[in-house]
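Quick notes on the structure that follows.
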Amino acid sequence: MNRRHFLRGLFGVSLALPFIESFSPRKAEAGPGDVPPFAIFMRQANGVVQQTNDEPEMFWPSQTGALTTESMNAEGDRAVSELSAYASRLILVKGINFAFPGNGCGHSGGGNQCLTAQKVSQDPSGNESLAMGESIDNRIARELNPAGVEPLTLYAGKKAGYINEVLSYREAKVIRAAEHNPINAYKALFGLSNLDPEVLKKLAAQRKSVNDLVREQMQSLMTRSDLGKADRDRLDLHFQSIRDLEVGLQCALTAEEVAAMEAMSPDARANDNLEKVARMQMDIIALAMACGTTRAATIQIGDGNDSTQYTINGVKQKSFHKISHRIDSDGSEGPPIEGAHLLHHEIDRIHARMFKYLLDKLASYDLGSGSLLDFGVAVWLNDLGNKYHSYTDVPYVLCGGANGYLKTGQYVDVNGVHNGRLLGTIGAALGCKNGAGGPLDDFGDPELPKGMLTEIIA
């Protein structure tokens, strides 16, 4: 039985359901509450503040090895300390390199490689360069999703036009457009996108919840005698989560909140809405994984060279790209920005807190034998390494063991291996195979050495 179940109600609205153990086929190897593992990738631009030449170490812990909440809290000056509550579920991976040079634009070349481990195109080049192969989210979806079900590809922030989407590739030179508006993504996820606009207006006017539209079927489902307590609790949480999402998206509680969200929707790309939009997109991603609508998702934070002006201590700063260069310029020369490395560190922390929001959301789904987070893996990645915008020591922060496949609770330095090994290992953790039918160990460009990242396998 396909784990995608739906309720259908008024106006053709469909409501996807989470994995329901009571209705699943029984398998000897399946444990209570098992769900197929999934992967989520959140991308940051412009590198991080880590020890490189004259740059101080402000990102990683001081020592590799086991991670505990206490050890991470003891080093509160490091950006990853924002994630200390998840120490036992983290895998911090230092020493990952991109294997190939860019082609006229470091930002574009890094974006081309961060999820593909592929060469950068010769034509087009510069800021228009593209990856010469598919990304890992596409590989996961192509191999593990039902036919025709693509990865969820979302975006938060403005699209300034120099470089926009960088993450998800269907194949060589074919990048997938990312949805920047949470309302559009939400409608697509819940089958609302095909409804007549007049019907949507009537629904909005009535402030109907999706749950309201399928209430009769919900009640019938919840009273079934073959529904176990764990599944009943899971459905309760799911329906409440949908309601919470609707409240967040439509501000249905008060007219003022509704007006604010309606005002935000056409400005979903606005600089000052980035963090708010990111949280909404993460709500949608968590629901998508709980519902089994896809096995892979990406969310890109900011455009190619992230020109977002983040607010730090109540002050809107210069663009992140300029701060990352430490000068008031998008080029190679310009007046210095005072304390730029400290501002960059604070922006790293902002991204860490956005990632933690995603982890909190995944952890809020209790599946009985663990949370939704335990069954998948969420990845916070960058398309550059540091202020020099290099392709070495590009940080990857993982959380979640993909149903026990990955060894969590550790910080490892893998000393300069190409990122295809890490991406392939994540694919293998989800069930992707190489050409011979073994675990995926050859992801990326065919010229790259094969192999998995054994340091992170349980």
Side-chain angles (χ1 to χ4, degrees), residues 40-47 98 102-116 118-138 150-185 188 264-282 284-285 296-310 318-325 330-331 347 350-351 354 380-384 389 391 394:
I40 303 166
F41 303 91
M42 185 195 95
R43 168 268 189 185
Q44 173 186 344
N46 295 330
F98 296 157
N103 185 6
C105 176
H107 293 282
S108 183
N112 297 159
Q113 296 183 73
C114 63
L115 283 188
T116 68
Q118 292 278 352
K119 291 188 179 74
V120 177
S121 66
Q122 294 300 308
D123 181 19
S125 62
N127 62 306
E128 296 180 346
S129 66
L130 297 166
M132 295 303 296
E134 70 176 338
S135 52
I136 187 62
D137 60 308
N138 191 78
E150 295 207 320
L152 186 58
T153 308
L154 304 180
Y155 189 104
K158 58 185 176 182
K159 295 184 177 180
Y162 178 70
I163 306 170
N164 290 327
E165 291 93 343
V166 301
L167 275 186
S168 185
Y169 279 86
R170 289 187 172 91
E171 56 183 278
K173 297 186 180 182
V174 180
I175 193 166
R176 179 179 285 104
E179 176 56 62
H180 71 276
N181 191 328
I183 290 178
N184 291 344
M264 189 281 294
S265 176
D267 293 325
R269 297 182 185 181
N271 182 96
D272 294 344
N273 285 335
L274 182 144
E275 292 181 58
K276 186 175 184 179
V277 169
R279 289 192 294 272
M280 291 178 182
Q281 301 284 45
M282 290 171 181
I284 294 168
I285 289 173
T298 62
I299 176 168
Q300 177 176 325
I301 308 297
D303 56 350
N305 58 348
D306 195 357
S307 57
T308 303
Q309 291 181 263
Y310 291 93
K318 296 183 182 299
S319 82
F320 179 25
H321 181 237
K322 292 179 179 179
I323 289 171
S324 75
H325 277 297
D330 289 311
I347 294 171
I350 289 172
H351 285 81
M354 283 192 276
W380 169 25
L381 62 113
N382 210 298
D383 51 26
L384 294 171
H389 292 188
Y391 292 173
V394 182

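Keep in mind that this is a model prediction, so the values were computed, not measured. Position 1 is the first residue of the sequence; numbering continues from there.
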Listed partners of N103 passing side chain to side chain donor-acceptor pair (under 3.5 Å), at least two apart = none
Cation over ring face, K322 and F320, 6.0 Å, 45° | no
Smallest separation among heavy atoms of V277 and A268, with atom names | CG2-O, 3.6 Å
Residues forming a salt bridge (Lys or Arg N to Asp or Glu O under 4.0 Å) with E150, sequence neighbours excluded = R170, R176
side-chain contact (heavy atoms from CB on, under 4.5 Å) against D267, all qualifying residues, sequence neighbours excluded | A270, N273
Applying side-chain contact (heavy atoms from CB on, under 4.5 Å), name anything that partners Q309, two or more places apart in sequence or on another chain.
-> N271, K316
Can you check whether V120 reaches M132 side chain to side chain, under 4.5 Å on heavy atoms?
-> no
Should we say atom NZ of K318 is surrounded by more than 12 heavy atoms from elsewhere, each under 6.0 Å from it?
-> no
From NE2 (H325) to NE2 (H389), nearest 0.5 Å = 4.0 Å
List for me each residue that meets side chain to side chain donor-acceptor pair (under 3.5 Å) alongside Q118, sequence neighbours excluded, and say none if there are none.
-> none
Can we call the ring centroids of Y162 and H321 under 6.0 Å apart?
-> no
Applying salt bridge (Lys or Arg N to Asp or Glu O under 4.0 Å), name anything that partners K158, two or more places apart in sequence or on another chain.
-> none
Would you tell me whether S168 and T298 have side-chain atoms, one donor and one acceptor, within less than 3.5 Å of each other?
-> no
Minimum heavy-atom distance A160-S307, with the two atoms named = CB-OG, 4.2 Å
Check ring-ring contact (aromatic ring centres under 6.0 Å, His included) between H180 and all other residues, then give those that pass, not counting sequence neighbours.
-> none
For D383, check salt bridge (Lys or Arg N to Asp or Glu O under 4.0 Å) against everything at least two apart and list the hits.
-> R43
With sequence neighbours excluded, residues passing side-chain contact (heavy atoms from CB on, under 4.5 Å) with R279 = E275, K276, Y357
Do S108 side-chain atoms and C105 backbone N/O form a donor-acceptor pair below 3.5 Å?
-> no
Rounded to the nearest 0.5 Å, what's the gap from CG on N164 to NZ on K159? Could you check?
-> 6.0 Å
Taking every non-hydrogen atom, the tightest pair across Y310 and I301 | OH-CG2, 3.9 Å
Which residues share a ring-ring contact (aromatic ring centres under 6.0 Å, His included) with F41, sequence neighbours left out | none
Please report the closest heavy-atom contact between A185 and L154, naming both atoms and the distance.
-> CB-CD2, 3.7 Å
Those residues that, when tested against K173, pass salt bridge (Lys or Arg N to Asp or Glu O under 4.0 Å) (two or more places apart) | none
Donor-acceptor contact below 3.5 Å, side chain Q44 vs main chain I347 = no
Just jot down the side-chain contact (heavy atoms from CB on, under 4.5 Å) partners of Y169, sequence neighbours excluded, or say none.
-> N112, T116, L130, A131, S135, I175
Enter the distance from I285:CD1 to I299:CD1 here, rounded to the nearest 0.5 Å.
-> 5.0 Å
